Amino acid sequence: MQYRVNEQGTTWTDATPSSQTGGVVGLEVVWSPDKPRASNFGPETILVAQGCFSPEEIQQLPHRRKEDETRTILELMVSLDMISELQSLETLARYFKAPFRTLTPETIDRDAFSALPQEYLQRRNALPIAWEDGALVVASSDPSDIFLRDDLRCRLGGPVHLVTVTPEQIHELMEEFAAGPEHCVDEIVADFDEDSVEIEDEEDEKLEDLERIAGESPVIRYVNYVISSAVNERASDIHIEPGEKKLRVRFRMDGILFDQAAPPPQMHAAIISRLKIMANLDIAERRLPQDGRIRAKIHNQGVDLRVSTLPTVHGEKCVIRILDNRSICVGLENLGFSLETLELWKREILQPHGIILVTGPTGSGKSTTLYSSLQIMDRERMNISTVEDPVEYELEHINQVNVRDTIGMSFAAALRSLLRQDPDIIMVGEVRDQETARIAVQASLTGHLVLSTLHTNDAPSSITRLINIGVEPYLISASVNAVLAQRLVRRICPNCKEETTTLLEHEEGFLKRRNLTVEKFFRGRGCEKCRKTGYKGRLGLYELLLLNDELRDVITSSPALGDLRRFAQQHGMVSLQQDGLRKVITGETTIEEIMRVTET
């Protein structure tokens, strides 16, 4: 491209030499300062072409934006009642060549809708509606989002056509299709093997014969089917959520909720009652939350189910936590530790005394890390005891105690009793209060190894959290050996994993803010094995804070959290984000996942 200066200003020209004249061909003025940009280049010019307004009327509008210059010309016209919001949207659709459509549920292809993860669709306010000539047609309520098309092409690896619909339609159709179609129970359980599920009766330890009662009620068959399906798909939770007109059933898999085939809403009360009977809860009480437990066998594999009900506006919501012993039979080597961090962690958990803390939000894998750590300890020659609320997984050769606050069996009370049981290693489910923290500190100072959890955002925050609870800084520096902060991110699906050099806009921003450059990335294309998400399975991000003599001296002075974090990183602590970026480079996960679990 060449530039020429004339009396009118700068003119951009096509600088391709002509083979015949040797001159410049294709001369075209692209920009001139003498011409009003708003009337020549904006979408409002379409309104002029349609005869709705004169050029003079449009040219006067920019002078009326002084109060709020962030508004576009079309937004200003809507605020002045010159055009309606629908006219504005239709104008944008024509300008950005994303045809305006009116949709109905019947016009949407469910296979197309499932081509992209629902969390992504909700975040981008987009709705896949059909496949046409090998391209995915996606509806959006913001045709001016110029990055959406490229983002979709990057995710799908194929062509994308954009159309425009109203925001109300996007919201209504997203809500309807996210809930999934309503099915009759016979259709849902058509291929279900009823012999695969057995419910254990804790009162007399007898198994209920589900084959005998399977034909008595479709409710029983459906509940057994949901439990069996969730276990087979390695879901961690089942959510049964009543709505005004629909019943929603979702499984949490790899930390994300996915909709499942839902029965008619008329079955909601019967389903909840069935679950209450199985969990020995009061089916007559619907006004108060209740918690219970179900012991079941799925394909001869023991599974514990924690049932929690909660009254909502449209009825009782039920969440079933699946405690599958297979999930804790994972060695520390398979949790996502780097080799260096794994060796340091093994060294710390084999110390004879001190406190080791694992910290992170609910669902970040703290219990799995602690149980996996207990598995490598010498359970034959050591007295290992745990205090939990409640005991999630039963381990051989380990004494496990349930907390029951209603009868005074708190963490502190159980911990005091355990100290009279000649323990070597004690695992405390959570340090919640000053009394529990003080007993744990005293236990570590008298020759016991104490493992526990805290709910903090990172490893250094655990130190300040203990100080805020009421533990003296000098006791913390003397007793705490290490703090491990962790998060869980989704693994890239190995079946559809592919290398890419294209990053999404927010991923590029993430790297730029940290002055980082990465040459290549990996992403899951999406396949049947990963439910079109590009992810399958999870791994941990870890931030290990080891207390050396210098750090103990700093803690004694009760430092501010920012100072403590900087000091720890200067002495070699790898942050959660740094560990995540290492896993991005090795192709285990994506920047999008790192941002999801670590960005605030």
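This structure is a prediction, so every number in the text was calculated from the model and none was measured.
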Check your understanding: Are a donor atom and an acceptor atom from the side chains of E588 and T586 found within less than 3.5 Å of each other?
Key -> yes
Check your understanding: What residues, two or more places apart in sequence or in another chain, satisfy ring pair (Phe, Tyr, Trp, His ring centres under 6.0 Å) together with H397?
Key -> none
Review point. Between atom NE2 of H353 and atom OG of S479, what is the distance when rounded to the nearest 0.5 Å?
Key: 11.5 Å
Exercise for review: For residues N495 and K536, determine if any side-chain heavy atom of one lies less than 4.5 Å from a side-chain heavy atom of the other.
Suggested key: no
Point to revise | Any V319 side-chain heavy atom under 4.5 Å of L310 side chain | key: no
**Study point:** Derivation and outcome, side chain to side chain contact (heavy atoms under 4.5 Å, CB included), residues V574 and E340
**Key:** CA-CA 11 Å; V574 177; E340 179 184 2; 5.8 Å; no
**Study point:** Heavy-atom side-chain contact between R274 and I271 under 4.5 Å
**Key:** no
Exercise for review: Decide whether Q486 and T369 meet the rule of one side-chain donor and one side-chain acceptor closer than 3.5 Å.
Suggested key: yes
Point to revise | Non-hydrogen side-chain atoms of I238 and F251 separated by less than 4.5 Å | key: yes
Check your understanding: Is the NZ or CZ atom of R513 positioned over F510's six-membered ring, under 6.0 angstrom from the centre and within 45° of the axis?
Key -> no
Exercise for review: Quick one: list whatever passes salt bridge (charged side-chain N to carboxylate O under 4.0 Å, His left out) with K346, sequence neighbours left out.
Suggested key: E333
Review point. Is there a donor-acceptor pair under 3.5 Å between the side chain of T589 and the backbone N or O of R490?
Key: yes
Practice item. Return the set of residues passing ring pair (Phe, Tyr, Trp, His ring centres under 6.0 Å) with Y542 (not counting sequence neighbours), or none when no residue passes. Key: F337
Exercise for review: In plain terms, say whether E435 and R438 are close enough for a salt bridge, that is, a side-chain N and a carboxylate O under 4.0 Å apart.
Suggested key: no
**Study point:** Side-chain donor/acceptor of H448 to backbone N/O of A443, under 3.5 Å
**Key:** yes
Review point. Who are the salt bridge (charged side-chain N to carboxylate O under 4.0 Å, His left out) partners of K583, not counting sequence neighbours?
Key: D579
Point to revise | Side chains of L288 and D282 in contact at under 4.5 Å (non-hydrogen atoms) | key: no
**Study point:** Distance, nearest 0.5 Å, that separates CG of L581 from CG of L576
**Key:** 11.0 Å
Check your understanding: Would you find a donor on one side and an acceptor on the other, under 3.5 Å apart, between the side chain of R491 and the backbone of R538?
Key -> yes
Check your understanding: Between D259 and R248, is there a side-chain N and carboxylate O pair less than 4.0 Å apart?
Key -> yes
Review point. Considering only heavy atoms from C-beta outward, does the side chain of K366 approach that of H455 to under 4.5 Å?
Key: yes
Check your understanding: Do Q290 side-chain atoms and T309 backbone N/O form a donor-acceptor pair below 3.5 Å?
Key -> no
Practice item. Would you give the length of the straight line joining atom OG1 of T368 to atom CG of L332, rounded to the nearest 0.5 angstrom? Key: 11.0 Å
Point to revise | Straight-line distance of I320 CD1 to D304 CG, nearest 0.5 Å | key: 13.0 Å
Practice item. Would you confirm whether E543, through its side chain, and A459, through its main-chain N or O, come within 3.5 Å as a donor-acceptor pair? Key: yes
Check your understanding: Is there side-chain contact between Q260 and E233, with at least one heavy-atom pair below 4.5 Å?
Key -> yes
Practice item. Look up atom OG in S452 and atom CD in E430, then write down how far apart they are to the nearest 0.5 Å. Key: 7.5 Å
Review point. Taking S228 as the fixed residue, which of V226, N232, N224 is the one that meets the side chain to side chain contact (heavy atoms under 4.5 Å, CB included) rule?
Key: N232
Hey, can you pull the donor-acceptor pairs under 3.5 Å for the side chains in residues 552-561, sequence neighbours left out?
residue, atom, partner, partner atom, Å
R552, NH1, S477, O, 2.3
R552, NH1, V480, O, 3.0
R552, NH2, V480, O, 3.4
R552, NH2, L547, O, 3.3
T556, OG1, S477, OG, 3.4
T556, OG1, R552, O, 2.8
S557, OG, V554, O, 2.6

Review point. Side chain of D424, backbone of N383: donor and acceptor closer than 3.5 Å?
Key: yes
Review point. Which residues pass the salt bridge (charged side-chain N to carboxylate O under 4.0 Å, His left out) test with E348, sequence neighbours left out?
Key: none
Check your understanding: So do the side chains of I426 and L419 get within less than 4.5 Å of each other, counting heavy atoms only?
Key -> yes
Point to revise | Donor-acceptor contact present, side-chain S364 to main-chain P361, <3.5 Å | key: yes
Check your understanding: Just by modelled atom types, is the S575 backbone N or O under 3.5 Å from a matching donor or acceptor in the Q569 side chain?
Key -> no
Review point. Does T456 offer a backbone N or O that forms a donor-acceptor pair with the side chain of T359 under 3.5 Å?
Key: yes
**Study point:** S308 backbone acceptor or donor facing D291 side chain under 3.5 Å
**Key:** no
